[in-house]
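Since the structure comes first, as structure tokens, the remarks are kept for the end.
Below, each value reflects all heavy atoms present in this structure, side chains not excepted, and no hydrogens, waters or symmetry copies. Chain A is the first sequence line, chain B the second, and so forth, proteins listed ahead of strands; every chain is numbered from 1.
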There are 2 protein chains.
Amino acid sequence: MNTASKLLGISELEQTASILKSVAHPIRLSILQLLVHEGRMSVNSICEILQSEQSLTSHHLSNMKLKGVLESKREGQKVYYSLKMEKMRNLLECIESCMGQ
Amino acid sequence: MNTASKLLGISELEQTASILKSVAHPIRLSILQLLVHEGRMSVNSICEILQSEQSLTSHHLSNMKLKGVLESKREGQKVYYSLKMEKMRNLLECIESCMGQ
DNA sequence: GATGTTTATTAAAATAAGTTAATATTTGTT
DNA sequence: AACAAATATTAACTTATTTTAATAAACATC
């Protein structure tokens, strides 16, 4: 296998980089940790636990939903977010263990 | 273990997010892949393989050097870059295998 | 010391991301 | 229908990142 064949194509690179951007922000990282470890959660609970503003949190949630990382389901007044992209679970675990080193 | 204790503190979150930002860009991602798989490499070789502009490549390289992800060594006219942050090797392997799924 | 190569630096321009505040929407309750 | 609670959306603003082009610096060779 030569060098070139190991490299991803542009669109794969861009897609990967774009997904990684989801994790590369303190608020989004902690939202992801929460959802991976605790499962689905309402926007309000997320705000309370993370002590983050409603609007800002909502923006970050939509951001990740748009990228297919999260999904949401309304139940009455509340909207519950949860992980949609399953590979994010592995990725996050890797990140946690790599960063611990 | 309760929810809060699993969450990282702000400074850890910021540090992690900041390192993840290194990977969260197509050019930097491919530079990292190259260096992880091929070892040290001169700026010129990197540019050629990635078909990226010298100046832009150099900017991304300094960016990652500044964050402690890469290191560089001049040998004659050439400057060789290589991985400095060892945990980046694991992280990148995780990313590659997670993204393949 | 002039010239060519390789890399870094600077500054400007272009683009993107993050934050805030205010308001809108949806649903539930009285 | 009026009101409250939960969330989303919009628009303005701020800040950061990315890209480009031009130039400088470091080294090698002649």
Next on the checklist: Nearest to the B/Leu56 side chain among D/dT9, C/dT6, D/dT19, which nucleotide is it?
Outcome noted: D/dT19

Item to check | DNA chain C contacts made by residues 63-72 of chain B, counting heavy atoms under 4.0 Å | outcome: none

Item to check | Nearest-Å distance for atom pair NZ/P, residues B/Lys73 and C/dA8 | outcome: 15 Å

Checklist entry - On a plain distance test, is the side chain of B/Gln54 in donor-acceptor contact with the base of C/dA8 below 3.5 Å? => result yes

Checklist entry - Base, sugar-phosphate, or nothing for A/His60, non-hydrogen atoms under 4.0 angstrom? => result sugar-phosphate

Checklist outcome for this item: To the nearest angstrom, the CG-P distance between B/Asn44 and C/dT6 comes to 5 Å

Next on the checklist: For A/Glu53 and B/Ser62, find the nucleotide of DNA chain C closest to each by heavy atoms; which residue's nucleotide sits nearer the 5' end?
Outcome noted: B/Ser62

Checklist entry - Counting any heavy atom closer than 4.0 Å, what does A/Tyr81 reach on the DNA or RNA strands: base, sugar-phosphate only, or nothing? => result sugar-phosphate

Checklist entry - With B/Ile31, which of B/Asn63, B/Thr57, B/Val69, B/Val36 fulfils side-chain contact (heavy atoms from CB on, under 4.5 Å)? => result B/Thr57

Next on the checklist: From CD of A/Glu14 over to P of C/dT15, roughly how many Å is that when rounded to an integer?
Outcome noted: 16 Å

Item to check | Backbone N/O of B/Gly76 and side chain of B/Arg74: donor-acceptor pair under 3.5 Å | outcome: yes

Item to check | Matching residue for B/His37 among B/Glu96, B/Arg89, B/Glu93 - test: side-chain hydrogen bond (donor to acceptor under 3.5 Å, both in side chains) | outcome: B/Glu96

Checklist entry - Tell me: CG of B/Leu61 to C1' of C/dT6, nearest whole Å? => result 13 Å

Checklist entry - Under 3.5 Å, is there an N or O donor on one side and an acceptor on the other linking the side chain of B/His59 and the base of D/dT20? => result yes

Next on the checklist: Without decimals, in angstroms, what is the distance between A/Tyr80 OH and D/dA5 C1'?
Outcome noted: 13 Å

Checklist entry - Which of the following nucleotides, C/dG18, C/dT20, C/dA8, is nearest to the side chain of A/Arg28? => result C/dG18

Next on the checklist: Which nucleotide wins on minimum distance to the side chain of B/Ile27, given the candidates C/dT27, C/dT19, D/dT19?
Outcome noted: D/dT19

Checklist entry - Are A/Val79 and A/Ile46 connected in the hydrophobic side-chain network, where two residues link if heavy atoms are under 4.5 Å apart? => result yes

Next on the checklist: Rounding to an integer number of Å, can you tell me how far B/Arg74 CZ sits from D/dA25 P?
Outcome noted: 13 Å

Checklist entry - Could you give the CG-to-C1' distance, from B/Leu50 to D/dT19, as a whole number of Å? => result 16 Å

Checklist entry - Between residues 15-26 of chain B and DNA chain C, which residues have a heavy-atom gap below 4.0 Å? => result none

Checklist entry - Given C/dT7, D/dT20, D/dT9, which nucleotide is nearest the side-chain atoms of B/Ser55? => result D/dT20

Next on the checklist: Determine whether A/Cys47 and A/Val43 satisfy the following criterion, side chain to side chain contact (heavy atoms under 4.5 Å, CB included), listing intermediate values before the conclusion.
Outcome noted: CA-CA 6 Å; A/Cys47 292; A/Val43 178; 4.2 Å; yes

Next on the checklist: Classify A/Ser42 by what it touches in the nucleic acid, base, sugar-phosphate, or nothing, heavy-atom distance under 4.0 Å.
Outcome noted: sugar-phosphate

Checklist entry - Want to settle it: does A/Ser58 or A/Gln77 sit nearer the 5' end of DNA chain D, counting the closest nucleotide to each? => result A/Gln77

Checklist entry - Has A/Lys87 got more than 12 heavy atoms of other residues, nucleotides or ligands less than 6.0 Å from its NZ? => result yes

Checklist entry - Got a sec, which pairs hit side chain to side chain donor-acceptor pair (under 3.5 Å) with one end in residues 18-29 of chain A, sequence neighbours left out? => result A/Arg28-A/His60

